[in-house]
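Worksheet for the structure shown next.
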Amino acid sequence: MFDNYFRKEIAWGGKTLVLESGKIARQADGAVMARLGDTIVLCTAVGARSAKPGQDFFPLTVHYQEKTFAAGKIPGGFFKREGRPSESETLISRLIDRPIRPLFPEGFRNEVQVIATVLSHDLENDPDIVAMVGCSAALTLSGIPFFGPVGAARVGYINGAYVLNPTLDERKQSALDLVLAGTAEGVLMVESEASELTEEVMLGAVTFGHAGFQPVIQAIIELAEVAAKEPWPLPEPSEAEVALKKRIAELGRADMAVAYTETQKLLRQDKVGAVKKAVIAALEAEGADVNLAKGLLKELEADVVRNNILDTGKRIDGRDTRTVRPIMAEVGVLPRAHGSALFTRGETQALCVATLGTGQDEQVIDALVGEYREDFMLHYNFPPYSVNETGRMGSPGRREVGHGKLAWRAIHPLLPEKEKFPYTVRVVSEITESNGSSSMATVCGTSLSMMDAGVPLKRPCAGIAMGLIKEDRGFAVLSDILGDEDHLGDMDFKVAGTEVGITSLQMDIKITSITPEIMKIAVEQAREGRLHILGEMAKGLTGARTDVAATAPRITVINVPKDKIRDVIGSGGKVIREITEQTGTKVDIEDDGTIKVAATSTEAAQRAIDWIKGIVAEPELGVIYNGKVVKTADFGAFVNFLGAKDGLVHISELANDRVNKTTDVVKEGDQVKVKVIGFDERGKVKLSMRVVDQATGADITEQVGAKRPRPEGDDRRGGERGGERGERRERREPRGD
């Protein structure tokens with residue numbers, strides 16, 4: 001039945017990688033089932049047979065989706081089915097997109113859709129690498145014009161050694177989590193989080209990973225030799241397109257070069273726009289294809305900018321290749337925020353605001369690997385006004401999620417241990433101006449805002465974006481790139497870290513590959529720029545403030561025995577609710593007995609702490625406590641003390657004089673002082689009021705002239721036998737606890 005079924009199996013990093021085609025999703029242009037261990041991802045690729053008329057861009061979409069049945073789970077929520085993509089799914093979709101996008105031929109405008117579906121997850125091998133490999137194989141088999149295949153791998157760094165594709169458990173011990181993808185010739189994409197590693201270690205990891213995925217590329221090639229479909233014809237420029245390109249250069253090159261001498265972004269955009277408008281008007285008068293001309297104008301624009309940098313060493317805004325734009329770092333810009341910073345670099349600006357919360361503010365994440373809680377969140381927003389545009393306002397898109405996660409990775413390795421700083425931290429980065437590298441401005445602003453909030457980061461963190469212009473006649477590596485240099489250049493290489501080392505590295509290459517020499521120059525130049533930025537940031541704030549803001553909650557941590565947790569919570573949460581409502585605090589209780597009390601005032605926190613300590617404390621013989629009468633009976637009064645403890649003050653222990661009726665001495669609700677005088681055979685507490693001075697709380701049993709305590713059971717109404725009768729009455733009464 002499956003006449004065109006093919007299978008390729010290789011040993012890879014101590015595991016078995018399997019690629020299958022021809023059995024599932026046979027109507028897709030390309031379909032591959034990729035398997036590593038028991039993690040399985042179905043990857044498909046479909047392309048439109050023609051481009052839409054007038055389309056001047058390549059419409060590639062990549063969708064990575066996780067099915068909860070892959071881990072033997074049922075989705076949460078009311079509808080019980082998968083809904084909008086999670087943050088993880090969005091980020092992995094971007095991971096797959098970034099290395100394959102540059103490998104489609106220039107001029108190809110047919111819509112292509114790539115879908116990766118996780119069908120099985122063994123909770124050991126992460127499906128992101130499997131999906132990247134499977135999508136590369138599906139495109140290679142599809143016949144769609146694609147200059148692949150692409151290989152991918154994850155690299156860890158454990159005990160000073162690189163590890164290829166570490167398992168989920170091994171990654172917990174790793175100082176590095178680096179994902180990379182590329183061709184046989186070079187690396188196209190890098191994404192990483194690192195614990196302040198050196199440039200040499202990071203470059204070594206990239207080299208190790210590139211060598212590590214070469215067997216995968218070879219396996220895809222061998223599978224394609226027997227299973228690939230006939231290749232589609234490559235798009236070739238027509239004679240009319242060649243002639244039009246030449247005519248556009250004649251009409252606009254000189255004026256475009258002049259327009260790009262303007263250093264201010266908005267003025268430059270106006271001048272470039274005027275040049276384009278004039279060229280289009282002239283071509284329209286000549287009867288040329290205007291839609292085609294618009295795309296060719298972008299090529300002219302790139303050619304002018306790139307060649308000017310290579311020829312003169314001067315960039316759009318007049319800088320040389322290594323200079324960082326002017327920086328201003330301000331902190332404490334918002335009076336009510338727990339921490340805030342305004343970071344401005346040239347025409348890029350980020351307003352970052354840090355908020356401190358408690359354990360109740362942690363984000364609950366329901367992932368395939370299981371539910372977990374996140375106590376550090378970083379949200380990046382890019383409103384249209386930041387680039388002088390009108391646009392859609394709504395939920396964050398893939399770009400916002402990706403930029404926020406990049407900054408999160410840069411800061412995450414620097415967070416203090418939870419035991420030392422028991423707060424949940426949320427940072428929001430509002431990009432208020434943008435002209436390149438807003439994600440790195442977010443890193444700088446986040447670092448400053450968190451330190452302003454009193455978060456004891458290990459060290460301040462800064463980020464810088466590097467660019468590349470590469471032609472046959474040479475190349476130039478650019479520090480702190482502008483927006484135009486980003487989309488007209490060949491590389492977007494972001495490096496974040498401290499004065500000690502790198503915490504995050506992200507690289508996207510728009511050409512087929514770059515050399516190790518270029519990468520080495522880029523990271524060294526990035527280090528130089530990063531240290532400069534850290535110096536400028538220090539003018540605003542050099543380290544974390546010694547205390548959190550007055551508006552932030554104060555968190556006090558105490559520990560109680562595990563068997564006392566239920567007493568603090570109470571039946572149905574009654575006790576804990578009463579504590580929080582009456583003291584105005586937030587109380588988080590963990591399974592190990594750790595209790596965190598958060599309050600905006602020291603007095604409120606102390607009230608809650610004393611209340612909790614009273615609940616878990618054990619009565620001590622001979623100690624005097626404050627108590628409250630909760631019930632009276634013929635034989636005595638039940639008194640609540642130590643928060644949740646009840647004890648009996650026998651009628652004989654209410655006063656030194658004879659007491660005929662309990663309510664003659666105390667009534668329900670009375671505040672009294674009691675002394676623990678013993679415990680009965682059931683562990684119930686015996687209390688006395690008569691040996692305590694109710695005014696001062698002093699023990700009067702040893703005072704001169706004080707009456708000696710009567711033997712237990714003597715209630716002045718029949719001695720020992722009277723006491724026995726009282727005990728029998730007590731057993732018939734309802735328990736007061």
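- The minimum heavy-atom distance linking Ala337 with Val353 is given by the pair CB-CG1, 3.7 Å.
- The residues Arg530 and Glu199 are annotated as salt-bridged, a charged nitrogen and a carboxylate oxygen being separated by less than 4.0 angstrom.
- Each of Lys80, Glu82, Lys73 was checked for a side-chain hydrogen bond (donor to acceptor under 3.5 Å, both in side chains) with Thr68, and the lone residue meeting it is Glu82.
- Ion pairing between Glu170 and Lys172 fails under the 4.0 Å rule for side-chain N and carboxylate O.
- Among residues at least two apart or in separate chains, salt bridge (Lys or Arg N to Asp or Glu O under 4.0 Å) pairs with a member in residues 451-466 are Glu196-Arg459, Asp452-Arg545.
- Around atom CD of Glu371, more than 12 heavy atoms belonging to other residues, nucleotides or ligands sit under 6.0 Å away.
- In summary, Arg171 and Asp126 engage in a salt bridge, as defined by a charged side-chain N under 4.0 Å from a carboxylate O.
- A cation-pi arrangement, defined by a distance under 6.0 Å to the six-membered ring centre and an angle within 45 degrees of its axis, is absent between Arg426 and Phe376.
- Ser447 places no side-chain N or O within donor-acceptor distance of the main-chain N or O of Val443, the cut-off being under 3.5 Å.
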Check: Stepwise, does the side-chain hydrogen bond (donor to acceptor under 3.5 Å, both in side chains) test hold for Thr442 with Ser429?
Finding: CA-CA 6 Å; Thr442 294; Ser429 173; 2.8 Å; yes
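- Side-chain atoms of Thr498 do not come within 3.5 Å of backbone N or O of Pro460 as any donor-acceptor pair.
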Notebook entry, point to check: Given the rule in the side-chain hydrogen bond (donor to acceptor under 3.5 Å, both in side chains) test, do Thr432 and Glu430 qualify, once you have shown the distances and angles that lead to the verdict?
Noted result: CA-CA 6 Å; Thr432 51; Glu430 294 287 337; over 6 Å; no
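- Remark: side-chain polar atoms of Lys586 are not paired, donor with acceptor, to backbone N or O of Ile555 under 3.5 angstrom.
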Checklist line | Step-by-step side-chain hydrogen bond (donor to acceptor under 3.5 Å, both in side chains) determination, Arg345 to Ser437 | finding: CA-CA 9 Å; Arg345 180 172 55 211; Ser437 193; 3.2 Å; yes
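- Between Glu20 and Arg35, no side-chain nitrogen of the basic residue sits less than 4.0 Å from a carboxylate oxygen of the acidic one, so the salt-bridge criterion is not met.
- When the options Lys405, Lys494, Arg409 are evaluated for a salt bridge (charged side-chain N to carboxylate O under 4.0 Å, His left out) with Glu191, the one that passes is Arg409.
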Notebook entry, point to check: Between Lys67 and Thr117, is a side-chain contact (heavy atoms from CB on, under 4.5 Å) present by the stated rule, with each step listed?
Noted result: CA-CA 7 Å; Lys67 300 299 182 181; Thr117 306; 3.8 Å; yes
Note to self: Please determine whether side-chain hydrogen bond (donor to acceptor under 3.5 Å, both in side chains) holds for the pair Ser86 and Glu89, giving the CA-CA distance in whole Å, both sets of side-chain angles, and the decisive distance to 0.1 Å.
What the structure shows: CA-CA 5 Å; Ser86 66; Glu89 289 172 309; 3.3 Å; yes
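- With a 6.0 Å radius and a threshold of 12 heavy atoms from other residues, nucleotides or ligands, Asp591 has its CG atom at or below the threshold.
- Between Cys352 and Val428 the shortest side-chain heavy-atom distance does not fall below 4.5 Å.
- Residue Lys23 places its NZ atom among 12 or fewer non-hydrogen atoms of other residues, nucleotides or ligands, all under 6.0 Å distant.
- Partners of His412 according to the ring pair (Phe, Tyr, Trp, His ring centres under 6.0 Å) rule, which considers only residues two or more places apart in sequence or in another chain, are Trp408.
- In this structure, Arg98 does not pair ionically with Asp492, as no charged nitrogen and carboxylate oxygen lie closer than 4.0 Å.
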